[in-house]
Amino acid sequence: QKEVEQDPGPLSVPEGAIVSLNCTYSNSAFQYFMWYRQYSRKGPELLMYTYSSGNKEDGRFTAQVDKSSKYISLFIRDSQPSDSATYLCAMSARRDDKIIFGKGTRLHILP
Amino acid sequence: DVKVTQSSRYLVKRTGEKVFLECVQDMDHENMFWYRQDPGLGLRLIYFSYDVKMKEKGDIPEGYSVSREKKERFSLILESASTNQTSMYLCASSLLSGRGNQPQHFGDGTRLSIL
């Protein structure tokens, strides 16, 4: 079983829709969870950073962690064409400098 | 904002050449990382460093070496470039986890082609 699994997509949704992006993981020691956005030909950009379970909201973005199910989600409300990118989930265990990345989901927002 | 700067966006080299990729960060981060990113394979860690002159192997160190002579600068070296090292190379930095686990911040990458 892979440590972090993420559907590669592509996921195509109409502008204005709510987008749900997900990752599952196998290592119960993971406590820190991140979402990165990567535009074509650019480096990953940190979007959300959460610790343990629960929700975190930042503007149109909400990150959700369910440690009991080993499942994390990123919701994008009122999606815009500028949200079209690859979204990478990432996670790490306590006091571990290494981060494990998902392979990314390609998202297309259709105008 | 954290700024991680990679010296070249695009680079073309020939097989057998020694290649240097440079990365500089301006946030006094202890940790620095080199990844390569390939379609279908995601991000793979090559090397990382948690202090000056310190280095640790990542998941795919073969064919690479690194140098960290100053805190802000981390160099990736391809000793004898081969075509299978054609890839997007990403540098990242983060604060040391002793201050609470910290996320990594990335540069914009160097797209390296080995002919």
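Lettering of chains follows the sequences in order, A, B, ..., and the numbering in each one begins at 1.
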Are [Y] and [X] co-members of a hydrophobic cluster defined by side-chain heavy atoms under 4.5 Å apart?
{"X": "B/Leu45", "Y": "B/Trp34", "result": "no"}
{"X": "A/Phe61", "Y": "A/Trp35", "result": "yes"}
{"X": "A/Leu11", "Y": "A/Leu74", "result": "yes"}
{"X": "B/Tyr47", "Y": "B/Leu112", "result": "yes"}
{"X": "B/Met88", "Y": "B/Leu43", "result": "yes"}

Acceptor/donor pairs from residues 58-67 of chain B side chains to any protein atom, 3.5 angstrom cut, sequence neighbours excluded:
unit_1  : atom_1 : unit_2  : atom_2 : d
B/Tyr64 : OH     : B/Arg36 : NH1    : 3.0
B/Tyr64 : OH     : B/Tyr89 : OH     : 2.7
B/Ser65 : OG     : B/Glu79 : OE2    : 2.6

- request: Name, in order of residue number, those residues of residues 6-20 of chain B that have a heavy atom at a distance of less than 4.5 Å from a heavy atom in chain A; otherwise write 'none'.
  value: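 So the qualifying residues are B/Arg9, B/Tyr10.
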
- line: To the nearest 0.5 Å, atom OH of B/Tyr35 lies from atom CD1 of A/Ile99 at 6.0 Å

message: Would you say CD1 of A/Ile18 has more than 12 non-hydrogen atoms from neighbouring residues, nucleotides or ligands within 6.0 angstrom?
response: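 Open.
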
message: Please classify the contact between A/Leu88 and chain B as side chain, backbone, both or neither, with a heavy-atom cut-off of under 4.5 Å.
response: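 Contact with chain B is through the side chain of A/Leu88 alone.
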
message: For residues 36-47 of chain A, give me every residue with a non-hydrogen atom less than 4.5 Å from any non-hydrogen atom of chain B.
response: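 Counting heavy atoms that sit under 4.5 Å from chain B, the residues of residues 36-47 of chain A involved are A/Tyr36, A/Gln38, A/Arg41, A/Lys42, A/Gly43, A/Pro44, A/Leu46.
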
task: Apply side chain to side chain contact (heavy atoms under 4.5 Å, CB included) to the pair A/Phe101 and B/Gln37, showing each step before the final yes or no.
output: CA-CA 11 Å; A/Phe101 289 87; B/Gln37 186 177 35; over 6 Å; no

- request: List the atom of B/Gly40, the atom of A/Lys103, and the distance in Å for their closest heavy-atom pair.
  value: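 Smallest heavy-atom distance, with atoms named: O-NZ, 3.3 Å.
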
- prompt: With a cutoff of under 4.5 Å between side-chain heavy atoms, which Ile, Leu, Val, Met, Phe, Trp and Tyr residues group with B/Val24?
  reply: none

